[in-house]
There are 2 protein chains.
Amino acid sequence: MKVAELAKSLGTTADSVRYYTRLGLLKPAKSVNGYKSYSNKEVSRLKFILSARNLGFSVADIKEIINESEDGKSACPLVRSLIKERLEETEKQFQAMLALRGKMSSALSRWEEMEDKAPTANMVCHLIENFEQIKKA
Amino acid sequence: MKVAELAKSLGTTADSVRYYTRLGLLKPAKSVNGYKSYSNKEVSRLKFILSARNLGFSVADIKEIINESEDGKSACPLVRSLIKERLEETEKQFQAMLALRGKMSSALSRWEEMEDKAPTANMVCHLIENFEQIKKA
DNA sequence: CTTAGACCTGTGTCTAAGACACAGGTCAAG
DNA sequence: CTTGACCTGTGTCTTAGACACAGGTCTAAG
């Protein structure tokens with residue numbers, strides 16, 4: 001299988017496959033013409049990678065997991081520990097986005113009733129520069 | 001003012017100040033020793049940048065806004081239009097994170113009751129590789 | 001057999017927003 | 001004058017691929 005075939009068969013892009021290959025997560029054989037040749041083993045390997053990405057693991061995580069399993073060890077403990085970390089990070093980012101969304105949405109609605117102003121020497125845009133202060137008041 | 005002074009006075013890092021300077025958002029004078037010298041105008045300019053970043057504008061957005069205001073025009077219409085875009089993006093990412101958080105959390109709790117398994121030729125980790133399928137069942 | 005065109009390949013570069021490393025410069029104390 | 005602490009600018013690194021590009025491959029027509 002060539003790179004684009006593999007990618008299409010699992011609904012991803014050739015560039016992603018190339019990226020995983022560059023990192024050593026996939027190890028295709030070299031075809032005579034220099035093209036990379038992917039076997040069925042690579043197909044299930046890629047399937048694993050995509051599942052893990054979909055669950056929030058980073059590519060570095062996946063590399064670590066694969067390394068562990070290639071040593072013959074069970075990767076399950078590592079997997080549980082990694083997802084705990086990733087979930088905590090996701091939770092933090094989620095809260096941050098929640099707060100940001102609120103701020104943006106309140107800014108947007110407030111700004112719609114405010115007039116335009118020309119910039120001055122020390123003010124680029126009064127909408128932005130007065131936003132936090134108004135909030136305090 | 002030197003870069004670190006400016007940064008500390010507004011609670012950011014010297015690297016950020018250098019970054020904004022590199023992009024031309026800040027235009028310090030050159031001191032005799034080659035160091036960059038920031039004036040009071042730069043202080044309010046940086047204050048503006050930090051406020052805008054805090055509201056979810058990208059650095060590229062901020063550059064555009066500053067350019068507009070340096071032409072003497074009011075940046076307000078641009079600011080309103082940009083925040084609408086950014087808010088939509090944020091909303092999308094927020095929904096994606098919400099879904100991801102749910103998936104991760106359900107994976108974590110399910111995996112805690114599942115046993116470890118050694119890898120096989122076509123399976124790296126059964127926790128991950130069976131997750132979607134179990135969900136369907 | 002040759003040629004044209006369509007498609008595909010690997011490699012290298014680019015992204016956002018800074019963080020980090022590092023060689024060298026500056027400054028105050030001794 | 002020198003030591004050491006701190007500071008500076010520049011250059012490289014980060015994620016997870018997307019994109020550009022020169023060249024290779026393959027199929028169909030002549």
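Computation of the quantities below employed the complete heavy-atom set of this structure, encompassing side-chain atoms and omitting hydrogens, waters and symmetry-equivalent molecules. Each chain gets a letter, A, B and so on, in the order its sequence line appears, and its residues count up from 1. Quick caveat, the model's predicted, so the values are computed rather than measured.
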Visitor: Quick one: does B/Glu129's side chain have a donor or acceptor within less than 3.5 Å of a partner on B/Val124's backbone?
Guide: yes
Visitor: Can you give me the first and the last nucleotide of DNA chain C (5' to 3') that has an atom within less than 4.0 angstrom of a non-hydrogen atom in chain A?
Guide: C/dT9 to C/dT13
Visitor: Give me each pair satisfying salt bridge (charged side-chain N to carboxylate O under 4.0 Å, His left out) with a member in residues 13-24 of chain B, each pair once, sequence neighbours excluded.
Guide: B/Asp15-B/Arg18
Visitor: Taking only residues two or more places apart in sequence, or in another chain, which ones meet A/Ser81 in a side chain to side chain donor-acceptor pair (under 3.5 Å)?
Guide: none
Visitor: Which of residues 50-68 of chain B sit near DNA chain D, with a heavy atom under 4.0 Å from it?
Guide: none
Visitor: Let's see if you get this right: which residues in residues 8-39 of chain B place a heavy atom under 4.0 Å from DNA chain D?
Guide: B/Arg18, B/Arg22, B/Gly34, B/Tyr35, B/Lys36
Visitor: How does the hydrophobic cluster around B/Val32 look, that is, which other residues are in it when side-chain heavy atoms under 4.5 Å mark a link?
Guide: none
Visitor: Would you say B/Asn54 and A/Phe131 make side-chain contact, with heavy atoms under 4.5 Å?
Guide: no
Visitor: Which pairs, with at least one residue in residues 87-96 of chain A and sequence neighbours excluded, count as a salt bridge (charged side-chain N to carboxylate O under 4.0 Å, His left out)?
Guide: A/Arg86-A/Glu89, A/Glu91-B/Arg101
Visitor: Name all pairs fulfilling the salt bridge (charged side-chain N to carboxylate O under 4.0 Å, His left out) condition that reach into residues 31-53 of chain A, sequence neighbours left out, sorted by first residue then second.
Guide: A/Arg45-A/Glu70
Visitor: Among Ile, Leu, Val, Met, Phe, Trp and Tyr joined by side-chain contacts under 4.5 Å, find the other residues sharing a cluster with B/Met123 and list them by chain and number.
Guide: none
Visitor: Using a 4.5 Å cut-off on heavy atoms from C-beta on, say whether the side chain of A/Ser105 contacts that of A/Leu108.
Guide: no
Visitor: May I ask you to list the residues sharing a hydrophobic cluster with A/Phe94, side-chain cutoff 4.5 Å, ordered by chain and number?
Guide: A/Met97, A/Leu98, B/Phe94, B/Met97, B/Leu98
Visitor: Quick one: pull up CG in B/Leu78 and CD1 in B/Ile66 and give me the separation to the nearest 0.5 Å.
Guide: 11.5 Å
Visitor: When the C1' atoms of the five terminal pairs at each end define the local axes, what inter-axis angle does the helix from C/dC1-D/dG30 to C/dG30-D/dC1 show, to 10 degrees?
Guide: 40°
Visitor: Got a sec, which pairs hit salt bridge (charged side-chain N to carboxylate O under 4.0 Å, His left out) with one end in residues 116-127 of chain A, sequence neighbours left out?
Guide: A/Asp116-B/Arg80
